[in-house]
Amino acid sequence: MSSKKTVPFLRKVLPAKKRMRRDPRFDDLSGEFKPEVFDKTYSFLDDIKKKEKMVLEKQLQKARDPARREQLDQLLRRMNQQEEAAKRRQRLQEKQGEFKKQQRERAQQGKKPFYLKKGDFRKLELADKYQELKKKGKVEKFLSKKRKRNSVKDRRRLPSQQ
């Protein structure tokens with residue numbers, strides 16, 4: 001086609017078809033996220049993580065280079081923290097499930113269901129946390145750290161005396 005030929009006023013352009021990408025996190029076709037189902041589906045990952053943790057511990061024992069030891073130690077710490085967080089989430093889900101089960105039973109008995117507010121639920125979580133710390137004997141250490149953090153915050157908030 002000649003480049004000198006004028007373009008018609010209403011030319012027919014075939015639009016290139018855009019491929020629609022969809023993000024499963026926000027798409028309705030993917031369904032609703034249910035943590036219980038997710039945990040059951042991907043429970044095999046826990047076994048893999050345990051094996052990786054054992055391998056890391058062996059590597060840490062064999063490592064001579066201080067930089068490599070620090071890196072492996074940091075990895076192990078992160079894995080432990082993730083494991084603890086997963087356990088906490090699991091306990092929380094179990095508690096919520098128990099509470100929902102109790103509410104269903106109350107409803108079946110004809111009683112009015114009692115719904116906890118978020119604040120009340122947090123108080124129950126905090127009480128459980130203190131019970132757990134008490135079992136481990138770490139309550140005093142936790143409280144001293146909390147006091148220290150609060151004192152630092154208070155000092156920061158006070159107007160500086162210069």
Side-chain angles (χ1 to χ4, degrees), residues 21-28 30-109 111-162:
R21 291 190 179 96
R22 60 185 194 89
D23 191 342
R25 296 173 298 173
F26 309 113
D27 196 6
D28 290 334
S30 299
E32 196 174 313
F33 176 71
K34 296 177 184 169
E36 304 87 25
V37 175
F38 180 84
D39 290 339
K40 282 181 185 175
T41 308
Y42 293 100
S43 61
F44 67 93
L45 289 177
D46 295 334
D47 300 330
I48 294 171
K49 285 180 183 178
K50 284 180 186 175
K51 289 177 186 174
E52 284 181 0
K53 190 175 173 183
M54 289 173 60
V55 169
L56 277 176
E57 286 171 349
K58 287 179 184 175
Q59 285 180 354
L60 182 65
Q61 289 173 355
K62 292 178 182 177
R64 299 278 179 238
D65 183 31
R68 178 73 177 149
R69 283 185 70 87
E70 180 62 33
Q71 185 183 22
L72 290 172
D73 193 41
Q74 194 174 12
L75 262 172
L76 266 174
R77 257 187 275 128
R78 188 171 69 201
M79 287 180 87
N80 287 333
Q81 287 173 350
Q82 287 175 347
E83 205 173 282
E84 288 294 321
K87 285 180 185 175
R88 258 186 258 120
R89 270 196 313 272
Q90 185 74 28
R91 281 196 299 268
L92 181 66
Q93 285 178 1
E94 286 173 4
K95 285 193 183 288
Q96 287 175 340
E98 287 176 25
F99 191 74
K100 286 180 182 177
K101 188 183 275 187
Q102 288 175 353
Q103 294 310 316
R104 280 191 219 107
E105 288 173 7
R106 285 177 60 109
Q108 286 176 351
Q109 293 171 0
K111 295 180 182 175
K112 191 175 181 183
F114 172 74
Y115 299 104
L116 274 179
K117 296 175 193 162
K118 280 187 181 178
D120 295 337
F121 203 78
R122 280 195 204 108
K123 285 179 186 175
L124 288 175
E125 284 180 45
L126 192 62
D128 290 339
K129 184 176 184 179
Y130 278 112
Q131 289 295 328
E132 188 178 318
L133 286 170
K134 194 173 185 180
K135 285 179 189 173
K136 292 181 181 177
K138 296 182 179 180
V139 176
E140 197 57 44
K141 185 177 178 183
F142 175 77
L143 288 175
S144 66
K145 282 184 178 181
K146 194 171 182 86
R147 277 188 220 107
K148 198 180 284 187
R149 275 196 304 265
N150 287 338
S151 67
V152 169
K153 282 182 188 177
D154 291 342
R155 259 188 255 126
R156 220 180 283 145
R157 287 185 186 139
L158 286 174
S160 60
Q161 297 172 356
Q162 293 177 353

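For this chain, numbers begin at 1 and follow the sequence in order.
- Enclosure of atom CG in D28 is not indicated, since only 12 or fewer non-hydrogen atoms of other residues, nucleotides or ligands lie within 6.0 angstrom.
- The side chain to side chain donor-acceptor pair (under 3.5 Å) analysis of residues 119-130, with sequence neighbours excluded, yields the pairs K95-D128.
- Inter-residue side-chain proximity for R106 and Q103 is flagged as met; some heavy-atom pair is nearer than 4.5 Å.
- Side-chain atoms of R69 do not come within 3.5 Å of backbone N or O of R64 as any donor-acceptor pair.
- Distance check, rounded to the nearest 0.5 Å: CD of E36 to CD of E94 gives 10.5 Å.
- Between the CG atom in D47 and the CD atom in E52 there is a gap of 11.5 Å [rounded to 0.5 Å].
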For this session: Show your working on side-chain contact (heavy atoms from CB on, under 4.5 Å) between R89 and D39 and close with a plain yes or no.
Result: CA-CA 11 Å; R89 270 196 313 272; D39 290 339; over 6 Å; no

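- Residues D73 and L60 approach most closely at N-CD1, 4.0 Å, considering heavy atoms.
- Using a 4.5 Å heavy-atom threshold, the side chains of E84 and K87 count as touching.
- A salt bridge does not link K101 to E105: none of the charged side-chain nitrogens sits closer than 4.0 Å to a carboxylate oxygen.
- Qualifying ring-ring contact (aromatic ring centres under 6.0 Å, His included) partners for Y42, counting only residues two or more places apart in sequence or in other chains: F38.
- Within the structure, salt bridge (Lys or Arg N to Asp or Glu O under 4.0 Å) contacts touching residues 138-151 (residues at least two apart or in different chains) are E140-R147.
- Between atom NZ of residue K135 and atom CG of residue L133 there is a gap of 11.0 Å, rounded to the nearest 0.5 Å.
- Under the 3.5 Å distance criterion, with hydrogens and angles disregarded, a donor-acceptor pair is assigned to the side chains of Q71 and R68.
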For this session: I would like to know whether K136 and E132 meet salt bridge (charged side-chain N to carboxylate O under 4.0 Å, His left out); could you show each step before the answer?
Result: CA-CA 6 Å; K136 292 181 181 177; E132 188 178 318; 3.7 Å; yes

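- Distance check, rounded to the nearest 0.5 Å: CG of L56 to CD of Q74 gives 12.0 Å.
- The distance from atom CZ of R22 to atom CG of D27, rounded to the nearest 0.5 Å, is 4.5 Å.
- Between K53 and K49, the closest side-chain pair of non-hydrogen atoms is not below 4.5 Å.
- For the ring-ring contact (aromatic ring centres under 6.0 Å, His included) test, no residue two or more places apart in sequence or in another chain qualifies with F121.
- Applying the ring pair (Phe, Tyr, Trp, His ring centres under 6.0 Å) definition to pairs two or more places apart or across chains, none involves residues 47-91.
- With sequence neighbours excluded, no residue forms a ring-ring contact (aromatic ring centres under 6.0 Å, His included) with F99.
- Counting non-hydrogen atoms of other residues, nucleotides and ligands closer than 6.0 Å to CZ of R78 gives a total of 12 or fewer.
- With salt bridges taken as basic N to acidic carboxylate O contacts below 4.0 Å, one links R77 and E70.
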